Student: 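Before anything else, here's the structure in question.
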Amino acid sequence: MFLNNTIVVTGASSGLGASLAKELASYKPNLVLFSRNLEKLRQVANECDEKGANSIAVQGDVTNQDDCKRLVDTTINNYNSINHLVLNAGVSMWAKFDEVTDLSLFQKLIETNYLSAVCLTHLFLPYLKKSKGLITAISSIQGEISVPYHSGYVASKHALTGFLNTLRIELKDKDVDVMLVMPHWLRGTDLRKNAFDKNGKKTGESKKEHNKESISLQECSRKILKGMVNRKRELVIPKKLKILLWLNLIRPGMVEKIVSGKVKDQE
Ligand SMILES: NC(=O)c1ccc[n+]([C@@H]2O[C@H](COP(=O)([O-])OP(=O)(O)OC[C@H]3O[C@@H](n4cnc5c(N)ncnc54)[C@H](OP(=O)(O)O)[C@@H]3O)[C@@H](O)[C@H]2O)c1
């Protein structure tokens with residue numbers, strides 16, 4: 001399926017990015033793994049190589065344009081092309097807006113979750129056009145539905161969704177496809193630990209538990225791989241969550257109540 005394909009995964013040092021890389025590895029692709037923590041990234045790259053992939057770990061920050069350029073150069077110098085760009089790096093928040101003391105967290109959220117996707121897509125696009133490649137962006141169900149304590153995260157994922165939905169139309173005649181992935185809460189990632197609190201600091205380990213509806217990384221990764229093979233337009237994971245998206249169109253007040261209840265359960 002992905003044999004000899006070149007696949008770039010951002011945010012591959014933990015959580016969904018690491019899980020996706022490891023799932024992809026069995027298909028023996030060329031993997032380029034990108035994030036700030038080189039030690040963790042190398043560990044993931046080693047595991048991927050043991051499964052049959054040919055991996056490179058590139059240290060860098062998605063909000064730094066020079067780092068993004070270096071990622072593109074490393075990819076092209078080593079593998080000469082790219083077939084899949086997986087825009088996964090992300091950061092979240094957990095704070096009520098009227099309690100926020102450091103507004104810079106909103107800038108960081110927009111830069112990491114949205115502007116980095118704009119920059120990397122722009123840099124990789126000439127090569128994706130050549131390969132008729134696929135851009136897979138990990139958005140969130142919060143790219144469509146608003147969730148309390150996440151105002152800046154929700155806004156960044158809405159921006160990402162809007163940007164890529166527009167790009168899909170523009171790239172139709174270039175045979176570059178765009179798949180937007182909208183997962184529900186995932187178990188076993190560092191997103192919550194690294195989320196900004198009201199003071200713009202990392203939340204750290206917390207007692208907040210994801211509820212029973214959260215999904216495993218393996219389940220989510222396998223669905224994304226299937227979606228990549230079929231070049232799906234969008235993926236809502238789990239599928240049943242689409243009901244909430246439809247309900248949001250006709251009864252948004254009801255969805256607000258449901259979502260508020262779910263968030264309260266986790267406090
Ligand atoms: N967890 C959920 O419930 C959930 C639900 C829906 C969607 N998502 C989305 O899934 C994606 C992956 O998140 P996750 O849950 O797997 O969280 P995670 O375990 O915290 O992983 C986030 C990844 O992004 C990287 N990253 C963060 N900021 C970066 C930066 N400035 N430059 C480069 N890399 C950066 C981190 O690596 P370094 O720290 O090494 O840089 C890490 O590898 C995100 O886009 C998130 O919004 C998550």
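All of these numbers come straight from a predicted model, not from anything done at the bench. Both ligands and their constituent atoms are indexed starting at 1 by order of listing. Scope of the values below: all heavy atoms of this structure, side chains included, with no hydrogens, waters or symmetry mates.
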Student: Using heavy-atom distances only, which candidate in Ser14, Ser13, Ser116, Ala195 approaches atom 19 (O) of ligand 1 most closely?
Tutor: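 Answer by nearest heavy atom: Ser14.
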Student: So Val86 and Leu20, side chain to side chain contact (heavy atoms under 4.5 Å, CB included) or not? Walk me through it.
Tutor: CA-CA 9 Å; Val86 183; Leu20 266 174; 4.0 Å; yes
Student: Please identify which atoms of ligand 1 are closer than 4.0 Å to at least one heavy atom of Ser35.
Tutor: 33 (C), 34 (N), 37 (O), 38 (P), 40 (O), 41 (O)
Student: Within the distance-only criterion (no hydrogens, no angle test), does the side chain of Arg168 pair as donor or acceptor with the backbone N or O of Arg233 below 3.5 angstrom?
Tutor: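 Side chain of Arg168 to backbone of Arg233, a donor-acceptor pair under 3.5 Å: yes, one is there.
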Student: Report yes or no: does a heavy atom of Ser139 sit under 4.0 Å from some atom of ligand 1?
Tutor: yes
Student: For ligand 1, indicate whether the residue Lys157 contacts it via side chain, backbone, both or neither (heavy-atom separation under 4.0 Å).
Tutor: side chain
Student: Nearest heavy atom to atom 30 (C) of ligand 1 wins, so pick from Val62, Leu38, Val44.
Tutor: Val62
Student: For the 3.5 Å polar cut-off, considering only N or O atoms, please tell me whether Gly11 and ligand 1 meet it.
Tutor: yes
Student: Measuring from the heavy atoms of Thr10, does anything fall under 4.0 Å of ligand 1?
Tutor: no
Student: For Arg192, is the nearest heavy atom under 4.0 Å from an atom of ligand 1?
Tutor: no
Student: Which of the atoms of ligand 1 are close to Trp185, meaning less than 4.0 Å from one of its heavy atoms?
Tutor: 3 (O)
Student: Using only heavy-atom distances, determine whether the side chains of Thr10 and Asn88 contain a donor-acceptor pair under 3.5 Å.
Tutor: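 Side-chain D/A pair, Thr10 to Asn88: absent.
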Student: Closer than 4.0 Å to some heavy atom of Ala12 - which atoms of ligand 1 meet that?
Tutor: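 With Ala12 as reference, the close atoms of ligand 1 come out as 43 (O).
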Student: Mind listing the side-chain donor-acceptor pairs of residues 36-46 below 3.5 Å, one per line with the distance, residues two or more places apart or on another chain?
Tutor:
| unit_1 | atom_1 | unit_2 | atom_2 | d |
| --- | --- | --- | --- | --- |
| Asn37 | OD1 | Glu39 | N | 3.3 |
| Asn37 | OD1 | Lys40 | N | 3.0 |
| Asn46 | ND2 | Arg42 | O | 3.4 |

Student: Do any nitrogen or oxygen atoms of Phe34 lie less than 3.5 angstrom from nitrogen or oxygen atoms of ligand 1?
Tutor: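 Between Phe34 and ligand 1, no N or O pair is found under 3.5 Å apart.
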Student: Would you confirm whether Asn113, through its side chain, and Val91, through its main-chain N or O, come within 3.5 Å as a donor-acceptor pair?
Tutor: yes
Student: Looking at Ser19 and Gly15, would you say the former's side chain and the latter's main chain have a donor-acceptor pair under 3.5 Å?
Tutor: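 Such a contact is absent between Ser19 side chain and Gly15 backbone.
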Student: Say whether Tyr153 and ligand 1 are in contact under the criterion: heavy-atom distance to a ligand atom below 4.0 Å.
Tutor: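 Tyr153: in contact with ligand 1 (<4.0 Å).
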Student: Taking only heavy atoms of Gly15, which atoms of ligand 1 are found under 4.0 Å from at least one of them?
Tutor: 16 (O), 19 (O)
Student: Relative to the heavy atoms of Leu16, which atoms of ligand 1 are at a distance of less than 4.0 Å?
Tutor: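 Numbered from 1, ligand 1 contributes 16 (O).
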Student: Counting distance only, does the side-chain N/O of His158 pair as donor-acceptor with the main-chain N or O of Ser156 below 3.5 Å?
Tutor: no
Student: Is the distance between the ring centroids of His84 and Phe2 under 6.0 Å?
Tutor: yes
Student: Please compare Thr63, Ile141, Leu87, Asn88 and report which has the shortest non-hydrogen distance to atom 11 (C) of ligand 1.
Tutor: Asn88
Student: Polar-atom distance check: Pro183 versus ligand 1, any N or O pair below 3.5 Å?
Tutor: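 In fact, backbone or side chain, Pro183 has no N or O that close.
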Student: Any side-chain donor paired with an acceptor under 3.5 Å for Thr161 and Ser139?
Tutor: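 Note: Thr161 and Ser139 side chains meet the donor-acceptor criterion.
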Student: For Gln142 and ligand 1, answer yes if some heavy atom of the residue is under 4.0 Å from a ligand atom, otherwise no.
Tutor: no
Student: May I ask you to decide if Lys201's main-chain N or O and Asp197's side chain share a donor-acceptor pair within less than 3.5 Å?
Tutor: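 Yes: the side chain of Asp197 pairs with the backbone of Lys201.
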Student: Provide the number and element of each atom of ligand 1 under 4.0 Å from a heavy atom of Gly60.
Tutor: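 Once the distances to Gly60 are compared, the set is 32 (N), 33 (C).
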Student: Heavy-atom contacts with Ile138 under 4.0 Å: which atoms of ligand 1 show up? List them by number with element.
Tutor: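 Ligand 1 atoms under the 4.0 Å threshold to Ile138: 9 (C), 10 (O), 11 (C), 45 (O).
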Student: For the side chain of Asn83 and the backbone of Thr6, is there at least one donor-acceptor N/O pair under 3.5 Å apart?
Tutor: yes
Student: If the cut-off is 4.0 Å to any non-hydrogen atom of His184, which atoms of ligand 1 fall inside it?
Tutor: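 Close to His184: 5 (C), 6 (C).
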Student: So is Ser214 close enough to ligand 1, meaning a heavy atom under 4.0 angstrom away?
Tutor: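 No heavy atom of Ser214 comes that close to ligand 1.
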Student: Enumerate, atom names and distances included, each donor-acceptor pair closer than 3.5 Å involving a side-chain atom of residues 237-247, sequence neighbours excluded.
Tutor:
none

Student: Below 4.0 Å from ligand 1: does a non-hydrogen atom of Val91 turn up there or not?
Tutor: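 Contact check Val91 vs ligand 1: negative.
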